[in-house]
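This report concerns only the one structure given below.
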Amino acid sequence: MTERLRTQRLILRPLRASDAGPISLYAGDARVARMTTSIPHPYPPGAAELFIQQSINPDGKDRHWAVDATPIGGAEFVGVVGFHPGIGEVGYWIGPPFWNTGYVTEAVTAIVAHVFEAGLAESLVEQVFADNPASARVLEKLGFHATGAGESFSVARGEMVETRRFAVTREEWMNHVAAAGIAG
C-alpha cells in the first residue's frame with residue numbers, strides 16, 4: 001500500500017484515475033521519456049491508465065506516489081516518485097513545467113526518509129543516464145554516492161544508454177541528514 005506523505009510544499013499520495021491526463025501529457029514529452037528506462041515515446045494511448053491500475057493494485061510490490069503541489073496552490077499532479085522494494089531502487093520524473101522548482105528533491109527526500117524510517121530497505125540504489133546531470137544532482141544532494149557506470153536500455157531512445165549508478169545506506173542517509181540539517 002502506498003502511504004500518503006506530506007512535505008513542506010507537497011503531498012505525496014497514491015496515484016488516482018484523474019492523474020491519467022497529466023501523466024499522458026508529461027510522460028508523453030520526449031524530454032521526460034528520454035531520461036527514463038521504461039517510458040516509451042511516443043506515449044501510447046491507455047498507457048497512463050494501465051500504469052495507474054498497476055500502481056494501485058494491492059498485490060503490486062512497487063510503490064508509486066503522485067507528487068501533488070496543491071498545498072501551495074500548485075498543480076495536483078507534477079510527477080511521480082517510485083520505490084521498487086525488490087531491488088531497493090528509487091525512481092522519479094517530473095513534468096517539464098515544474099523543472100527547477102526543487103519539487104523532485106523535496107519529494108525524493110520524503111520517500112527516502114519514509115523507506116528508511118519504515119524499515120523497508122537498508123540501502124537504496126538509483127541509476128541515471130549520464131546525459132541527465134539534473135537527476136544526478138538530486139541524488140548527490142540527498143547523500144547518495146556514485147558507485148560506478150554502466151548501461152541501460154531506454155525504451156524511448158530505442159538503444160543502450162550510458163548510466164551513472166548511485167547508492168546510499170540507511171546509516172549514510174542518517175549521517176547525511178544530521179550533517180546537512182535536512183528534515184527527514
TODO: Check whether any side-chain heavy atom of Asp19 sits under 4.5 Å from a side-chain heavy atom of Arg16, and report yes or no.
DONE: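 Asp19 reaches Arg16 side chain to side chain.
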What's the shortest heavy-atom distance between [X] and [Y], and which atoms?
{"X": "Gly143", "Y": "Val168", "result": "O-CG2, 3.6 Å"}
{"X": "Phe83", "Y": "Ala121", "result": "CZ-CB, 4.2 Å"}
{"X": "Ala156", "Y": "Ile39", "result": "CB-O, 3.4 Å"}
{"X": "Phe166", "Y": "Ala136", "result": "CZ-CB, 3.8 Å"}
{"X": "Arg13", "Y": "Phe77", "result": "NH2-CB, 4.4 Å"}
{"X": "Ile94", "Y": "Val32", "result": "O-CG2, 3.8 Å"}

Task: Any residue meeting ring-ring contact (aromatic ring centres under 6.0 Å, His included) with His145, in chain and number order, not counting sequence neighbours - done: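 Scan of His145 (ring-ring contact (aromatic ring centres under 6.0 Å, His included), adjacent residues dropped) gives none.
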Open item on the list: So, using ring-ring contact (aromatic ring centres under 6.0 Å, His included) as the criterion, who are the partners of Phe51 when residues are at least two apart?
Closed with: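 Applying ring-ring contact (aromatic ring centres under 6.0 Å, His included) to Phe51 gives His64.
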If you measure from [atom1] on [X] to [atom2] on [Y], what distance do you get to the nearest 0.5 Å?
{"X": "Asn132", "Y": "Arg31", "atom1": "CG", "atom2": "CZ", "result": "13.0 Å"}
{"X": "Ile56", "Y": "Leu15", "atom1": "CD1", "atom2": "CG", "result": "8.0 Å"}
{"X": "Arg157", "Y": "Thr36", "atom1": "CZ", "atom2": "OG1", "result": "9.0 Å"}
{"X": "Arg164", "Y": "Gln127", "atom1": "CZ", "atom2": "CD", "result": "12.5 Å"}
{"X": "Ser135", "Y": "Phe129", "atom1": "OG", "atom2": "CZ", "result": "10.0 Å"}
{"X": "Leu12", "Y": "Glu3", "atom1": "CG", "atom2": "CD", "result": "11.0 Å"}

For the hydrophobic clusters of this structure (ILVMFWY residues joined by side-chain heavy atoms under 4.5 Å, transitively), does one cluster hold both [X] and [Y]?
{"X": "Tyr26", "Y": "Trp99", "value": "yes"}
{"X": "Val80", "Y": "Ile11", "value": "no"}
{"X": "Met174", "Y": "Leu142", "value": "yes"}
{"X": "Leu5", "Y": "Ile72", "value": "yes"}
{"X": "Trp93", "Y": "Val112", "value": "yes"}

- [ ] Using the side chain to side chain contact (heavy atoms under 4.5 Å, CB included) rule, take Tyr92 and Val128 through it: C-alpha gap first, then chi angles, then the decisive distance, then the call.
- [x] CA-CA 10 Å; Tyr92 47 89; Val128 300; 4.2 Å; yes
- [ ] Have a look at Tyr43 and tell me which of Leu25, Ile23, Asp29 forms a side chain to side chain contact (heavy atoms under 4.5 Å, CB included) with it.
- [x]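 Going through the options one by one, the only one that passes is Ile23.
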Task: Identified side chain to side chain contact (heavy atoms under 4.5 Å, CB included) partner of Lys141 from the options Val104, Thr105, Val108 - done: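 Output: one option passes, namely Thr105.
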Is [X] reaching over with its side chain to a backbone N or O of [Y], donor-acceptor style, under 3.5 angstrom?
{"X": "Asn175", "Y": "Glu172", "answer": "no"}
{"X": "Arg63", "Y": "Thr2", "answer": "no"}
{"X": "Thr101", "Y": "Phe98", "answer": "yes"}
{"X": "Glu106", "Y": "Arg9", "answer": "yes"}

Open item on the list: Please evaluate residues Val90 and Phe144 with respect to the criterion side chain to side chain contact (heavy atoms under 4.5 Å, CB included), reporting the C-alpha separation (whole Å), side-chain torsions for both, the decisive distance (0.1 Å), and the verdict.
Closed with: CA-CA 11 Å; Val90 293; Phe144 281 70; 4.2 Å; yes
- [ ] Please report the C-alpha distance between Thr7 and Thr109 in whole Å, then the side-chain angles of each, then the deciding distance to 0.1 Å, and finally whether the side chain to side chain contact (heavy atoms under 4.5 Å, CB included) criterion is met.
- [x] CA-CA 9 Å; Thr7 71; Thr109 298; over 6 Å; no
Evaluate whether atom [atom1] of [X] has more than 12 neighbouring non-hydrogen atoms of other residues, nucleotides or ligands under 6.0 angstrom away.
{"X": "Glu140", "atom1": "CD", "result": "yes"}
{"X": "Glu122", "atom1": "CD", "result": "no"}
{"X": "Glu49", "atom1": "CD", "result": "yes"}
{"X": "Asn57", "atom1": "CG", "result": "yes"}

- [ ] In plain terms, say whether Arg4 and Asp68 are close enough for a salt bridge, that is, a side-chain N and a carboxylate O under 4.0 Å apart.
- [x]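 No, this pair does not count.
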TODO: Please assess Leu120 against His114 for the test side chain to side chain contact (heavy atoms under 4.5 Å, CB included), listing each intermediate value before the final yes or no.
DONE: CA-CA 8 Å; Leu120 302 175; His114 171 71; 4.0 Å; yes
Open item on the list: Tell me whether the rings of Phe116 and Trp173 are parallel (<30°), tilted (30 to 60°) or perpendicular (>60°).
Closed with: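 Geometry flag for Trp173 against Phe116: tilted rings.
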